[in-house]
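Shown next, in structure tokens, is the structure this report addresses.
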Amino acid sequence: MAEWTMSAALNRALWDALIDDQRVLVFGEDVGVSGGVFRVTDGLQAEFGDRRVFDTPISEAAIVGAAVGLCFAGWRPVVEMQFDAFSYPALEQVIDHVAKMRMRTRGRVDLPITIRIAAFGGIKGKEHHGESPETYYVHTAGLKVVVPSSPLDAYRLLRHAVADADPVVVLEPKARYWGKEAGELATEGPGIGAGRVLRTGDDVTVVAYGTMVARALDAATVLGERGVGARVVDLRSLSPLDEDLLARCARETGRVVVVHEAPRTLGMGAEVAARVMELAFDSLAAPVARVTGWDAPYPPASLEDGYLPSVDRIVDAAMATVAY
Amino acid sequence: MAEWTMSAALNRALWDALIDDQRVLVFGEDVGVSGGVFRVTDGLQAEFGDRRVFDTPISEAAIVGAAVGLCFAGWRPVVEMQFDAFSYPALEQVIDHVAKMRMRTRGRVDLPITIRIAAFGGIKGKEHHGESPETYYVHTAGLKVVVPSSPLDAYRLLRHAVADADPVVVLEPKARYWGKEAGELATEGPGIGAGRVLRTGDDVTVVAYGTMVARALDAATVLGERGVGARVVDLRSLSPLDEDLLARCARETGRVVVVHEAPRTLGMGAEVAARVMELAFDSLAAPVARVTGWDAPYPPASLEDGYLPSVDRIVDAAMATVAY
Amino acid sequence: MDAPRHWAGTAATRILAPDGTAVGDPAVGLGPDDLRDALRWMVLARRLDRECIALQRQGELTVYPGFEGQEAAQIGSAMALGAEDFIFPSFRELAVALARGVDPVRYLWYHRGTWHGGPYDPRATRFGPICIPIATQIAHAAGYALGQQLDGVGAITVAYFGDGATSEGDFHEAANLAGVRRLPLVLFCQNNGWAISVPTREQTAGEIWRRAEGYGFPGVRVDGNDVLGVYAATRAAVDRARAGEGPTLIEALTYRIGAHSTADDATRYRDAAEVAGARAFDPIARFGAWMRSAGHADDDLLATYQAEADEHALAVRAGLVAQGPPPEAWAFDWVYAHPPAPFLRQREEALGG
Amino acid sequence: MDAPRHWAGTAATRILAPDGTAVGDPAVGLGPDDLRDALRWMVLARRLDRECIALQRQGELTVYPGFEGQEAAQIGSAMALGAEDFIFPSFRELAVALARGVDPVRYLWYHRGTWHGGPYDPRATRFGPICIPIATQIAHAAGYALGQQLDGVGAITVAYFGDGATSEGDFHEAANLAGVRRLPLVLFCQNNGWAISVPTREQTAGEIWRRAEGYGFPGVRVDGNDVLGVYAATRAAVDRARAGEGPTLIEALTYRIGAHSTADDATRYRDAAEVAGARAFDPIARFGAWMRSAGHADDDLLATYQAEADEHALAVRAGLVAQGPPPEAWAFDWVYAHPPAPFLRQREEALGG
Ligand SMILES: Cc1ncc(C[n+]2csc(CCOP(=O)(O)OP(=O)(O)O)c2C)c(N)n1
Ligand SMILES: Cc1ncc(C[n+]2csc(CCOP(=O)(O)OP(=O)(O)O)c2C)c(N)n1
Ligand SMILES: [Mg+2]
Ligand SMILES: [Mg+2]
């Protein structure tokens, strides 16, 4: 069985999308001959030509704005924002147009834009290279936002994103680009809007996404050793959220811990907590616990470990929740 | 006793700040001779000269970026973003620099920047003129974010914001610019970080800010007629949140409704709900209810009334919460 | 009379002098019928603009941004385009929309608060949504032009924007991208002297048309109140773009006779004398004078146009005031092509209640 | 040897030809000691740059962006500044920092992952924080220059940035603002031919120095590998700014000899031949040759500088590797001047645990 890194799986997803739909375009900074900082677009220009895969000037707003215009002309743009923070210059275009243009044109223009962003921390990178921008996108109505946690799922989610008639932001956990998974790449399986249970357990549900999924699984192992059955949910789709899954897990375990790298205040944990409370208040035996980055700017590499949720912090929070 | 519109109170706050501190500068689009779209900077240029109060080109990123540079030179910039959505082009500067520069310089450079934004809906304005951008700012660690709901408090909060050594985003509820309040303008009273109780009641707490405070008060009146004692909290400070007040009210009333115009998902309601659950879970008799704008782009004027939380929706949510 | 201040500096190309005498070759490629159409559109547009201001005063429109004085810039440029060409407007291009065949009632849904963006069909009219976030539409235009180039369809794109828009990063990024890829794009700047209360000289210390050179393509400065000059300049840019020679930046010097919008009080920042002076450069009077002298128009024709314009304006009014609020469901109906389940639940919550 | 491709077009001003012969007047205002200083800084900087690459390979730095080939552009411009002038750098200006007196160990904390932004004191050194979000620092520089202008202190500001940065909206907005307010600002662009993998010709179809005209101030194109030419051009711009005549855009044509950073493999997108060709234009060899021929330097002096550079590099290395991780509390210590209560509770939660 083939073994895939997430980078290679994403590369293959773009490759297959470019084959399947002649209207797919891939562009951004350094995605062409160089093949991308994380090699996700490696070889695409050689294969598909510089008409369909090309570099742009360093102009994030124009990259996204041009994608909007291309949709009017019936194209299906896949754009890359090189790192999380470098998507911010395009936020006006994303919020004002990408998210709203279909509504603004009363459905006459679909916006099948995929915005790929190398996101999240954990690679001891420089400042602006470790941010978790999901809140900015998830709060923006009109977008869909997904985060893969494994190579095979990255392939699936990116294929779904590119095929979707609506704009999808794909936050690629850069700390996982080189993680491997064996299996066949396939689009079948849970699509956008579905979470998945990666480990069963009945005492507490640990909700995570992206890089934090592996930590949640490690924490579940430790919890198992301590006699606590932790169910691990990979959210995958931050917008829309899989409400049914969250409600079911909350009802079945009565205790929920949510984990993310982003600062706590108005991080995804806030929405998961609020939604779980709305959907399953009577089943909750303890408050939903948030294990998150701190409400401070992402720190220098030397302090990264203290900022990101560690296995210990997840375990402690789960234990406290169970003991509540 | 003098009567003040919020526009006039804000104008006086800038006036007084310009007098009190010679390093205060006021700039932005149309703030000079025109005096601002909502007259908040009316007369300031005539009084303080175009050295301290001046128009800029239509360059929001450069307006905020220049404010950052001015802080290095020891100035205290107050910048205006003309409408909510027109603050988005500056988000990169806000997130990457305004929020982080003090940390980045290890405290050697303070960032006493005030970013005033005419925000929120309810004036039957055009698209991009009715947005609630608070989530983008509140989630961004390193900022402070306040929202006045009345003229006297607008004066107080803006004075505190300008005087603060940290960057403060002041979201001015444009639907309230012409609302009046009688009294003396004063800086004394609750500062940044403090909420306030505007109406007492023991059955349910309704948390709101900005324009929604008046609706919450109206709803409380209706609720009172139905025998439900609704306490109304004006949040005022979205970041930092007044955790003590929220915890106390949740404990005392056991039921909380939070109201805002922004879309529900990752709107302030999510954070209030999560925080209340963390701080007062055992006291909660019902899930925190969120009465909010829908998870859709802000609609055209003709559909605004169906989008914004109405008194009815607040009353219904409170009744359901009380009956839970 | 002095020309508006922002017309100083490099002389703009023109074919008709302000008094209507030809100072260049009026044979720009428009036949007598086309010329009369140009005049007719300008008359129609001005009349409708005034009707809109009245409609706003009467509460039938929310805020309305008038374009009086800019008719030549808008009609002259619009007429230089082919049916397949695509326009991305700003928010002040009702005259362009008219000439393009966009239903003005639908267009005005925007200013009535009935609908956002493009209430008309942007694909069918090849006229993009009205765009308020300054300069963002220029990037859309660059993207659309890129799509045309990739499709090899020989059509071109025009972006309209104001002097103030040239200060935004999006203008710059889109223009630079257009240069790098030699896009079939015309960047049409209506420099009307004002961006709300800020005069062009406080917007930039340079001349706008000169920006083009830094992007590696030509810039031209044209008298925007001379419809023939505008047509010729736009036509040249369009032909260039269609021939694969890349973008052109056109700075059309015109003047905003009215306030920024019906919500704006221009007397706060602008001398009445300036406006009065600018009226001497009126584009319709100029073109009308030439049309008469060239024998293409006479009093009767002008009276016919005026009558037609009255009728048109009243028909638009009637269509508009008949328009009630849209169904509540429209707040949800087109947000997503594939609406997610939680979104549909909210829709239910909103509309069921 | 052919000059790098992006040097084509308008000829750059230069004082020393690539072989070190003077083609302009070398009396730029630098005395023999200054000239020797310039050479010494260039030698020191190159040696330190190479040390940094070694340090990165050895795991003592995280990613490091080298500047080999750009020494003349950086040292020549830095030497044209007065002590009161303020610099807002990008992320590749270690040579400028050195000449400015910034402690290189502190500077390198950045690349070691010890601290973000400006680990040194930006106020004391008058050297702003290292800035990675492309072009954002140019707006800071404009703001600082505005502050200097308001204070009437006669000092000026310099923003450093690359060719790629000129495609960002922030470059444009800041430059335009500088023009409008005639700010005492020098916009110093090191056009090193590449923005990661993208060559300048794909970054823009124009010439960068020509952008200035559109903003209403002068642009100049200088041979960035000629330290005297760079000094003279910067000095002229600085004098202009100091005299209240406003900004200047300098495009210094140079070449990035190394990869974009230690994380980048330039062989994926760049021919070895191009780099080999560019080496023939080496700025240190050029200046060294002239210094010898002018009698300002000889083998002994160069050997001294080289020895000093070795020593310096090793001292920096020693200082750097001695630097352990900072205290955990630093993640919280400077976020706010007045830390709010909930923030302090989180700090407690983080550090107490
Ligand atoms: C990004 C953004 N910032 C600010 C505004 C507010 N605004 C609306 S129109 C306008 C002036 C535009 O001037 P110009 O580009 O010259 O066009 P004109 O109004 O003269 O047609 C401004 C600042 C906006 N719509 N978008
Ligand atoms: C806003 C933003 N977008 C993208 C990047 C990623 N990035 C880092 S360096 C670089 C190239 C910069 O090129 P140039 O301005 O020529 O400077 P040089 O690297 O040649 O010194 C890019 C695209 C970034 N740092 N910031
Ligand atoms: Mg204008
Ligand atoms: Mg470069």
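Quick note on labels: first sequence line is chain A, next is B, and so on, each numbered from 1. The structure displayed is predicted, hence computed values, not measured ones.
- When heavy atoms are compared at a cutoff of 4.5 Å, C/Val180 approaches chain A solely by way of its side chain, counted from C-beta outward.
- Looking at A/Glu60, the atoms closer than 4.5 Å to chain C (heavy atoms on both sides) all sit in the backbone: N, CA, C or O.
- In summary, the side chains of A/Tyr137 and A/Ser87 do present a donor paired with an acceptor at a separation below 3.5 Å, with no hydrogens or angles considered.
- Residues A/Trp75 and C/Asp151 approach most closely at CZ2-OD1, 3.3 Å, considering heavy atoms.
- Between the side chains of A/Gln93 and C/His140, a donor-acceptor pair is found at a separation under 3.5 Å.
- In the model, A/Gln45 has no side-chain atom that pairs as donor or acceptor with a side-chain atom of A/Asp55 under 3.5 Å.
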From CA spacing to verdict: salt bridge (charged side-chain N to carboxylate O under 4.0 Å, His left out), C/Asp163, C/Arg92
CA-CA 12 Å; C/Asp163 42 287; C/Arg92 204 184 288 285; over 6 Å; no

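- Contact count versus chain C (heavy atoms, under 4.5 Å) is highest, among A/Ile192, A/Asp242, A/Asp166, A/Thr56, for A/Asp166.
- Interface remark: A/Asp110 contributes backbone and side-chain atoms alike to the contact with chain C (heavy atom separation under 4.5 Å).
- For A/Leu241, the part lying under 4.5 angstrom from a heavy atom of chain C is the backbone only.
- Neither the backbone nor the side chain of A/Ile63 comes within contact range of chain C; no heavy atom of the residue lies under 4.5 Å from a heavy atom of that chain.
- Listed options A/Arg104, A/Arg106, A/Arg108 were ranked by heavy-atom pairs under 4.5 angstrom with chain C; first place goes to A/Arg106.
- Of the two parts of A/Arg52, neither the backbone nor the side chain holds a non-hydrogen atom closer than 4.5 Å to a non-hydrogen atom of chain C.
- In this structure, chain C has heavy atoms under 4.5 Å from both the backbone and the side chain of A/Ala165.
- For C/Asp170, the part lying near chain A is the side chain, with the backbone staying farther off; criterion is any non-hydrogen pair under 4.5 Å.
- Checking C/Tyr336, C/Trp330, C/Phe332 one by one against C/Trp334, the ring-ring contact (aromatic ring centres under 6.0 Å, His included) holds for a single residue, C/Trp330.
- No hydrogens or angles considered: a donor-acceptor pair under 3.5 Å links the side chains of C/Gln148 and C/Thr157.
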